[in-house]
Number of protein chains: 2
Amino acid sequence: MKGVTIYDIAKELGVSPATVSRALSGSDKVKEETRRKIAETAKRLNYTPNYLARSLKKKQSYTIALIISDVTNPFFTNVARGVEDTASRFGFNTIFCNTDEDPDKERVYVDLMLKKMVDGLVVSSCGDGRTLLPLKEKGMPVVLVDRKVGKFHWDCVVGDSEGGAYTLTRHLIEVHGHKEIAVLAGPLTISTSAERIAGYKRALIEFGLPFRSELVTAGYYKEDFGYRIAKDFLSGEKRPQACFAGNNFIAIGVVRAAQEHGLRIPEDLALVTFDDLELASLLFPFFTVAKQPAYTMGSLATQLLLERIGGEKIKENREVVLKPEIIIRRSCGCEPGKQVLSG
Amino acid sequence: MKGVTIYDIAKELGVSPATVSRALSGSDKVKEETRRKIAETAKRLNYTPNYLARSLKKKQSYTIALIISDVTNPFFTNVARGVEDTASRFGFNTIFCNTDEDPDKERVYVDLMLKKMVDGLVVSSCGDGRTLLPLKEKGMPVVLVDRKVGKFHWDCVVGDSEGGAYTLTRHLIEVHGHKEIAVLAGPLTISTSAERIAGYKRALIEFGLPFRSELVTAGYYKEDFGYRIAKDFLSGEKRPQACFAGNNFIAIGVVRAAQEHGLRIPEDLALVTFDDLELASLLFPFFTVAKQPAYTMGSLATQLLLERIGGEKIKENREVVLKPEIIIRRSCGCEPGKQVLSG
DNA sequence: CTTCTCTTCGTAATCGATTTCAAATCATCG
DNA sequence: CGATGATTTGAAATCGATTACGAAGAGAAG
């Protein structure tokens, strides 16, 4: 832990620290022989550069932050892998921040990252935008992933939530003849939530079905929300025949509630949702889902971010929208093996 | 991105930067009134401290690194949550490094973290110890989690793999009468692997069964290893009646192979494994597992690490061993709801 | 040989905060 | 009132690397 510095190397060889810095940082004008000797002693003394000092001077930390709302959700895990893989391929580190869908935590992390001098952030925000204000003020490079934040204009990489929701809903109506479809959505402050409801609505309209607001509940993207609301509407008199869960976790809650009511899925309640449950689906292909390309989303977002960080002057804000893959399985009422609907 | 510094605040108030630093960094001797004025202007100028400069001087970055081998595995995800939660509770950030079970990647990350001046690391190593050598040389604080590395002595927090494997194997023998139990283990270089085989062996010996090495295969902790080997032994003449998969991913591979062979689990092949599949089990409680307290492991490891970083002089190396919870479900052949075996 | 250019290298400033040491201020008291 | 000790504050060094600027040396051209 003592720490060999460029001064030690310089003293050892009788040259100046400046020369050592130049030699080690690559291709400045340094005589070949000097460079060789410096590289040699650096290795011999077991020198490791101090990135803090380097970053302080260069005003670049080669570190980005990723703010996501739930590490236990495979969707975000895959986003994270995409971000991390891409970042490290370009020599960047990633600091992970897990907000648990709590805007307060998000705010704290944002401030912290500002102090830590990260070079940029990939953010899937659970707030309404206010939490990200400091980033805007400081002019910090940011790319939004999965969730847009209306207030600000930043690059973003998102899934086509409206389209996915439309296709799923349409499937329930067209193929299975359902007319009363409950929706358990995430918070209305989050873009994916609003868009999924919009997609649902478009499908209803297209098939001449009424939009009944009592069937639509906005809450949060967690299992217990799905459980709570499903418990509720499943015990009612005229329960809906189908349910569109806002994401995979909500869907799990719905399943649990149905089990407790002794209801079978899909016989008593058809169910479709967003985002696949990777491992679970490998073993028990059950949920009919709109599966988003999570890894790609993370990877693309990082690429956009690194372009900005790299100093490329990009005026306009870029918006990448990726189509989800619709995977028809059993929970909607289809037989396994049934033909996959084209997106 | 301009950056307000303590010099700006100092100039504004006609005091010295030193005083500003003292005032902002808490409770050094600064007159109350001065402190108030400084805090005020700091807020007014929207000052954010530069942690890089701070870390450079204090030789502490308030950042730790977590090296894990597979972020898609819920076990490690939970370890990660435990680490991150605990670290951030004490004001530390966590840099996540995902090695994909590749020792080369691990080596690269280790070097990088050394340069980044992290204050310490929580490591679940996929190597044989050589990759961690630089950490030892530099005297970097390290706590091993999940996997011990024989070569070095560091604090560690691990699960009782031997005991868990023993109990699972014993269950297969005692309750279900299996005599030929295949084992698909991870790499022998990884401690959990060797220990799980040892536990398996102890159970065999206790029940007077022969240890047949052709039933035991060591490979790696991934799905495709389970799939490949299971495909192999399931097509043989006298296939084993039961299988102990080294971890959850291997187990998934075994299931997939069994499905392709038209074999049913547990009727045609009983299966037990280590580490639960959180979400999958919520929906489809299927695997009989030794479930390790992953979150706790991460949290404890971080606590031990922070103690070291905090400068507490602890001579001896601490070893925390946590017992897994044995959850009996269907894959071993038990009926659901059957009584839980005591560890 | 002088002058000029080009390469190579050293001096010193710099990034922003912390900290040591000493100076300045203030209060207290004989 | 001056001495003594406690509080506050400032000047300057420091962490380790980068870099602007200029000097020294080598080689080329006249």
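Naming convention: chains lettered A, B, ... in sequence-line order (proteins, then strands); numbering from 1 in each chain.
Rounded to whole angstrom, the span from the NZ atom of K58(A) across to the C1' atom of dA20(D) amounts to 15 Å.
With sequence neighbours excluded, the residues satisfying ring pair (Phe, Tyr, Trp, His ring centres under 6.0 Å) with F152(A) are W154(A). Every residue meeting the ring pair (Phe, Tyr, Trp, His ring centres under 6.0 Å) condition with Y62(A), not counting sequence neighbours, appears here in chain and number order: F92(A). Qualifying salt bridge (charged side-chain N to carboxylate O under 4.0 Å, His left out) partners for D85(A), counting only residues two or more places apart in sequence or in other chains: none. The side-chain hydrogen bond (donor to acceptor under 3.5 Å, both in side chains) check on S61(B) picks up D119(B), with sequence neighbours excluded. Take D128(B) and apply the side-chain hydrogen bond (donor to acceptor under 3.5 Å, both in side chains) test, not counting sequence neighbours, and it matches R130(B).
Residue K59(B) places at least one side-chain N or O under 4.0 Å from the OP1 or OP2 atom of dG16(D).
Pairs of residues two or more places apart, or lying in two chains, that qualify as salt bridge (Lys or Arg N to Asp or Glu O under 4.0 Å) and include a residue from residues 292-308 of chain A are D155(A)-R308(A), E307(A)-R318(A). Pairs passing the salt bridge (Lys or Arg N to Asp or Glu O under 4.0 Å) check and including a residue from residues 107-116 of chain A, sequence neighbours excluded, read D104(A)-R107(A).
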Review point. Quick one: what's the B/S/- string for nucleotides 22-28 of chain C, heavy-atom cutoff under 4.0 Å, read 5' to 3'?
Key: -------
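For the helix from dC1(C)-dG30(D) to dG30(C)-dC1(D), the angle separating the two terminal helix axes comes to 60°, with each axis derived from five pairs and the value rounded to 10°.
For DNA chain C, the residues of residues 5-16 of chain B within the heavy-atom distance limit of 4.0 Å (strictly under) are T5(B), I6(B), Y7(B), sorted by number.
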If you look only at distance, which donor and acceptor atoms sit under 3.5 Å apart when one is on a side chain in residues 7-15 of chain A and the other is two or more places apart or in another chain?
{"from": "D8(A)", "atom 1": "OD2", "to": "T5(A)", "atom 2": "N", "distance (Å)": "2.8"}
{"from": "E12(A)", "atom 1": "OE2", "to": "R44(A)", "atom 2": "NH1", "distance (Å)": "3.4"}
{"from": "E12(A)", "atom 1": "OE2", "to": "R44(A)", "atom 2": "NH2", "distance (Å)": "3.2"}

Using nucleotides 6-8 of chain C, report all nitrogen or oxygen pairs with the protein that are shorter than 3.5 Å.
none

